[in-house]
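Beneath this line is the structure, given in structure tokens, with notes to follow.
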Amino acid sequence: MKLYNTLTRTVQEFAPQDGSTVRFYSCGPTVYDHAHIGNLRAYIVADTLHRTLQAAGYGVRRVMNYTDIDDKTVKRSQQKYPNDEPMAALKKLTAEYIKIFLDDMRHIGNRVDNIIFMAATDNIEPMQKMIADLHKKGFAYLADDGVYFSIDAYKKSGKKYGQLLTLTAENTSEARIQNDEYDKESAHDFALWKAQKPGEPTWPFTLDGRDLTGRPGWHIECSAMGRKGLGQPFDLHTGGVDNIFPHHENEIAQSTADEQDPILAHFFAHNEHLLVDGKKMAKSANNFYTLADIVQKGYDPLAFRLLILQSHYRSQAQFSLANLEAAQNRLQSLRAMADLQFQVKGVEPWLNTDPSLSSMQNALFEDLNTPLALGNLNNLVTLAEERLISTDELELFQKMLQTLDQLLGLGLADRQDISQEQKHLITKREQTRTDKAWGKADELRKQLANQGLGIRDTNNGPIWYRLREK
RNA sequence: GGCGCGUUGGCCGAGGAGUUAGGCACAGCUCUGCAAAAGCUGCCACACCGGUGCGAAGCCGGUACGCGCCUCCA
């Protein structure tokens, strides 16, 4: 398949190094609060990429991290559980939000059973080992408040700092960056390890005979977990565009300082932001929605998934309730198609000649073109609604729904049939129509509507569909 | 200030030198006792100014506006 690579700024043919299994690291959540739906976009993109790689015939080994120790988790745990020991408070807080995160993931159709989750706090030791190694080789130095990575030393070793973006004198000018609060040698050096501060959870750490009890810096977490979970270099690293700098750039530097080839991952893929009123959704800007917010407004989490899939992952996407409404309506129509599996009424088979599925796959293989894939899917929807499904092709249809779900995760294969009672009402209505007892027929239609079912009368008999709740 | 991306119809959103994207909304029509979230039809757009092409919305250059990164951030 083809995929845009931030390292080369071009769309390239992607294949795993060993030809069979993709080693894939996708940046995960900082578990200090509910994720907002902008965050969720990144996870939907990673999940869809995972599905597409599988459809391309590859095995996928994907690691996702939980950042469960950093400034925000520490701060929030202190606020929320002031009477607990710092470590206990941290664990309590992060366990809570990991659970919420996993629930969100499932609700928006992301698979979690195929991800290897790694928590930073479970991997302190490999981080410390990396830091010690970097220090030993002269890429890290000790300061009063912790251990820092020396970008200068990295550059002097002949490696490039700035693989993912163009760094110039102007945008790296030290005058532009206020770092008075840190004891580092150079403005762009970053913390590998932060020495203990009062009230913070800590892990013992000794380096060069000095007691450095404290906690890891953010960037080293991903470097250590990627190396441990996947080996290095691995195939693919993903995240939001805001991770390009400094996070991923710093990961590359740390992870490759003592390597022959400065390659952390062969591909970096980054998704663009979800915008609200034309601006990036962000906690700090207070312009965000959570999944709970939109569910509370009556929208289906899978409508949100569809909204995300309707735009290309490298384009900024516009979020609004009006757009979510449109996605919800489109989802209803896809579901109406899926529900045809319970209403075998077609006369002429047509499904085996429909090219929608393969054109969809091809769209996904072209740099994950989900909007085009959905466009191609529409052909299938129109044909199905028009010609219905016949007995001979029911099995094929169901198999196709499963394939669709494997690709897009919209839950079209998991639909439930209506009850026997409801089927009976529909049959009864047909009888009254035959008898031309229109008043009674309309009454039955109303009764079905109260149960959430609409009926359209076709030449092949009545077709039910689920009405939108609300 | 530097680096990068974008500007497509009422809204969302692909494509990308000559041929319908698709969806949502809206309007008309069709089958129909009624109805339909069913079908058909209409709405046929690509910021602006130059340039290169037989031909440009698509390529090149510039202008305007917008967004992002340079600080934690998906």
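Here is the naming used below: chain letters follow the sequence lines, and residue numbers restart at 1 for every chain.
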- Message: Ignoring hydrogens, what is the shortest heavy-atom contact between A:H36 and A:A282? Give both atom names and the distance.
- Response: NE2-CA, 4.0 Å
- For A:S315 and B:A14, is the shortest distance between a side-chain N/O and OP1 or OP2 below 4.0 Å? yes
- Under 4.0 angstrom, heavy atoms only, what part of the nucleic acid is A:G38 near: base, sugar-phosphate, or nothing? base
- Task: Please determine, for the side chain of A:K280, which listed nucleotide (B:A74, B:A25, B:A37) has the closest atom?
- Result: B:A74
- Stems formed with participation of RNA chain B [Watson-Crick or G-U wobble, under 3.5 Å, three or more pairs]: B:1-7 with B:64-70, B:10-12 with B:22-24, B:26-30 with B:38-42, B:47-51 with B:59-63
- According to a strict under-4.0 Å criterion, is A:N329 in side-chain N/O contact with OP1 or OP2 of B:A25? yes
- Query: For nucleotides 28-33 of chain B, read 5' to 3', which letter fits each nucleotide if B means a protein heavy atom sits under 4.0 Å from the base, S means only the sugar-phosphate is that close, and - means neither?
  - Reply: ---S-B
- Query: Which whole number of Å gives the distance between the C1' atom of B:G51 and that of B:G55?
  - Reply: 15 Å
- Query: For B:G23, does either OP1 or OP2 sit under 4.0 Å from a side-chain N or O belonging to A:N378?
  - Reply: yes
- Task: Check whether any side-chain N or O of A:N323 sits under 4.0 Å from OP1 or OP2 of B:C24, and answer yes or no.
- Result: no
- Note on the structure: Sorted by chain and residue number, the salt bridge (charged side-chain N to carboxylate O under 4.0 Å, His left out) partners of A:E200 (sequence neighbours excluded) come out as A:R215
- Task: Identify whether the distance between the nearest side-chain nitrogen and carboxylate oxygen of A:K184 and A:D145 falls below 4.0 Å.
- Result: no
- Task: Please determine if A:E385 and A:R456 form a salt bridge, counting it only when a charged side-chain N lies under 4.0 Å from a carboxylate O.
- Result: yes
